[in-house]
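Take a look at the structure below.
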Amino acid sequence: MDPLSGVLSLLKPRNSMCGGFDVGGDWSFQFPQHEGIKCYAVVSGQCRLSVEGVPEAVHLKAGDCFLLPLGRPFRLASDLTLPPVDFKTILSRPLKGGVASWNGGGDVFAVGGFFGLEGQHAGILLGMLPPIVHIKKESDKSALRWSMERMMQELRDPQPGGFLVVQHLALMMLVQALRAHLAEGLRGSVGWLFALADQQMSVAIHSMHDDPAHPWTLQELAECVGMSRSSFAQKFKETVGATPIDYLTRWRMLLAGDRLTNSSDSISVISLSLGYESDSAFSTAFKRVMGCSPRRYSRGRSLVSASH
């Protein structure tokens with residue numbers, strides 16, 4: 001599994017809501033803080049996006065797509081000086097095939113979805129993303145267009161199995177938007193996602209993800225990408241924001257956390273499968289990265305599951 005697929009698998013994005021809205025005239029909608037990722041695409045028309053804590057508003061045009069990975073409150077509007085209406089007001093009205101209408105519609109049509117994240121410690125994986133991921137490059141938008149148009153068709157003309165189709169289309173939009181974000185170059189950005197855009201760093205990350213149990217050394221990883229040990233260590237730290245060994249440890253612990261939650265494997269089996277010769281070494285690393293012992297983490301997740 002490639003690193004982006006691997007990370008998304010750990011986050012376990014579940015499309016808990018998807019649909020569209022069709023608005024006309026002057027409007028301004030306020031959206032509350034959310035846990036998870038929101039992904040929208042503007043099919044027709046144009047509007048403004050303002051996210052809490054981001055000084056500049058974003059001008060969205062037909063074909064643009066945006067992700068909101070940090071969960072901040074935001075506003076979409078034809079004019080941001082208008083007093084906002086709570087978006088739940090629209091949702092309380094009758095929907096037509098998953099599409100909410102306001103002021104008769106006709107001026108701006110957008111589709112998208114909200115992804116709740118089941119994976120623990122999503123902040124470790126998403127924290128390096130900006131508050132707004134705006135996809136506006138024409139070549140990148142073309143990859144999203146088919147998903148957008150197909151979702152719009154499914155919402156406007158509901159068919160048997162439509163709910164599942166829309167869910168999968170929304171997940172495709174999420175992956176395509178992240179791919180497009182990588183394709184933009186991201187000069188100066190730091191984090192595991194941005195490192196995938198760098199050919200040498202991507203090879204190193206792929207190697208660690210492909211075989212997390214291997215006793216990787218700095219020298220071995222440097223040789224994988226054809227760099228000297230010191231040059232590789234410096235570039236990895238500058239690009240990813242962590243040393244290669246710290247990154248590897250963190251990835252192992254996220255995998256361990258997922259297995260503690262979703263499998264019946266013992267701590268000994270998990271630690272050995274991730275390259276640790278003793279449970280105590282594994283437990284020390286786990287506590288450092290995840291903030292509690294493996295046993296406590298497993299108990300805590302069991303309690304959460306039982307309460308749901």
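Residue indices begin at 1 and follow the sequence shown.
- Side-chain N or O atoms of Ser207 include one that pairs as donor or acceptor with a backbone N or O of Val203 at under 3.5 Å.
- Residues Leu218 and Arg229 form a side-chain contact, since some pair of their non-hydrogen atoms from C-beta on lies under 4.5 Å apart.
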With side chain to side chain contact (heavy atoms under 4.5 Å, CB included) as the test, would you mind laying out the steps for Leu67 and His134 before giving the verdict?
-> CA-CA 7 Å; Leu67 297 182; His134 181 200; over 6 Å; no
Go through the steps for Phe109 and Phe21 under the test ring-ring contact (aromatic ring centres under 6.0 Å, His included), then give the verdict.
-> CA-CA 6 Å; Phe109 187 81; Phe21 58 89; 7.9 Å; no
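- Relative ring orientation between Phe31 and Phe74 is described as parallel, the plane-to-plane angle staying below 30° on a 0-90° scale split at 30° and 60°.
- Remark: Leu76 CG to Arg48 CZ distance equals 12.0 Å, nearest 0.5 Å.
- When all heavy atoms of Ile205 and Ala195 are compared, the closest pair comes out as CD1-CB, 3.6 Å.
- Not a single donor-acceptor pair under 3.5 Å links the side chain of Asp107 to the backbone N or O of Gly45.
- Put simply, the side chain of Leu60 does not reach to within 4.5 Å of the side chain of Tyr40, judged on heavy atoms.
- No chain of hydrophobic side-chain contacts below 4.5 Å, direct or via other Ile, Leu, Val, Met, Phe, Trp or Tyr residues, connects Leu272 to Val269.
- No hydrogens or angles considered: nothing links the side chains of Ser266 and Ser268 as a donor-acceptor pair under 3.5 Å.
- A donor-acceptor contact closer than 3.5 angstrom links the side chains of Ser273 and Arg259.
- Here the straight-line distance linking atom CG of Asp211 with atom CH2 of Trp216 works out to 6.0 Å at 0.5 Å rounding.
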Might you work through the side chain to side chain contact (heavy atoms under 4.5 Å, CB included) test for Gln33 and Arg72, ending with a clear yes or no?
-> CA-CA 5 Å; Gln33 186 171 330; Arg72 298 182 185 180; over 6 Å; no
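- Hydrophobic clustering (side-chain heavy atoms under 4.5 Å, transitive across Ile, Leu, Val, Met, Phe, Trp, Tyr) groups Trp146 together with Val43.
- Across Val225 and Ala204, no two heavy atoms sit closer than the pair CG1-N, 3.8 Å.
- Within the 4.5 Å cutoff, no side-chain heavy atoms of Leu260 are placed close to those of Asp258.
- Taking CD of Glu56 as the start and CD1 of Ile132 as the end, the distance is 10.0 Å to the nearest 0.5 Å.
- Among all heavy-atom pairs drawn from Lys61 and Val42, the shortest one is O-CB, 3.7 Å.
- The heavy-atom pair separating Cys292 from Phe286 by the smallest distance is O-CD2, 3.2 Å.
- Applying the side chain to side chain contact (heavy atoms under 4.5 Å, CB included) criterion to Thr217, with sequence neighbours excluded, gives Gln219, Glu220.
- When all heavy atoms of Gly25 and Ser78 are compared, the pair lying nearest together is O-OG, 4.0 Å.
- Inter-residue side-chain proximity for Asp22 and Trp102 is flagged as unmet; no heavy-atom pair is nearer than 4.5 Å.
- In terms of modelled atom types and a separation under 3.5 Å, the side chain of Ser231 and the main chain of Ser228 share no donor-acceptor contact.
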Does the side chain to side chain contact (heavy atoms under 4.5 Å, CB included) test come out yes or no for Leu254 and Met290, once each step is laid out?
-> CA-CA 8 Å; Leu254 289 167; Met290 307 296 268; 4.2 Å; yes
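- Nearest heavy atom pair, residue His209 against residue Pro3, reads ND1-CA, 3.7 Å.
- Salt-bridge annotation for Asp246 and Lys237: absent, with no side-chain N of the basic residue lying under 4.0 Å from a carboxylate O of the acidic one.
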Given the rule in the side chain to side chain contact (heavy atoms under 4.5 Å, CB included) test, do Met227 and Met201 qualify, once you have shown the distances and angles that lead to the verdict?
-> CA-CA 10 Å; Met227 296 177 72; Met201 297 305 99; 3.9 Å; yes
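- Side-chain contact check for Leu49 versus Val51: some heavy-atom pair is nearer than 4.5 Å.
- We find the CZ-OG distance between Phe282 and Ser271 to be 6.0 Å, quoted to the nearest 0.5 Å.
- Sparse packing is recorded around NZ of Lys287, with 12 or fewer heavy atoms of other residues, nucleotides or ligands lying under 6.0 Å away.
- Residues Pro294 and Ser283 are in side-chain contact: their nearest non-hydrogen atoms beyond the backbone lie under 4.5 Å apart.
- Phe232 and Ile245 sit in two unconnected hydrophobic clusters of ILVMFWY residues. Membership requires side-chain heavy atoms under 4.5 Å apart, directly or through other members.
- Remark: Lys38 NZ is packed, more than 12 non-hydrogen atoms of other residues, nucleotides or ligands lying under 6.0 Å away.
- Without hydrogens or angle criteria, Arg75 side chain to Leu80 main chain gives a donor-acceptor distance under 3.5 Å.
- To the nearest 0.5 angstrom, Asp64 atom CG is 10.0 Å from Gln46 atom CD.
- Rounding to the nearest 0.5 Å places CD1 of Ile270 at 10.5 Å from CG of Leu255.
- Grouping the Ile, Leu, Val, Met, Phe, Trp and Tyr side chains by contacts below 4.5 angstrom, directly or via other members, places Val54 with Leu68.
- Asp2 and Ser5 share a donor-acceptor pair across their side chains, judged by distance under 3.5 Å alone.
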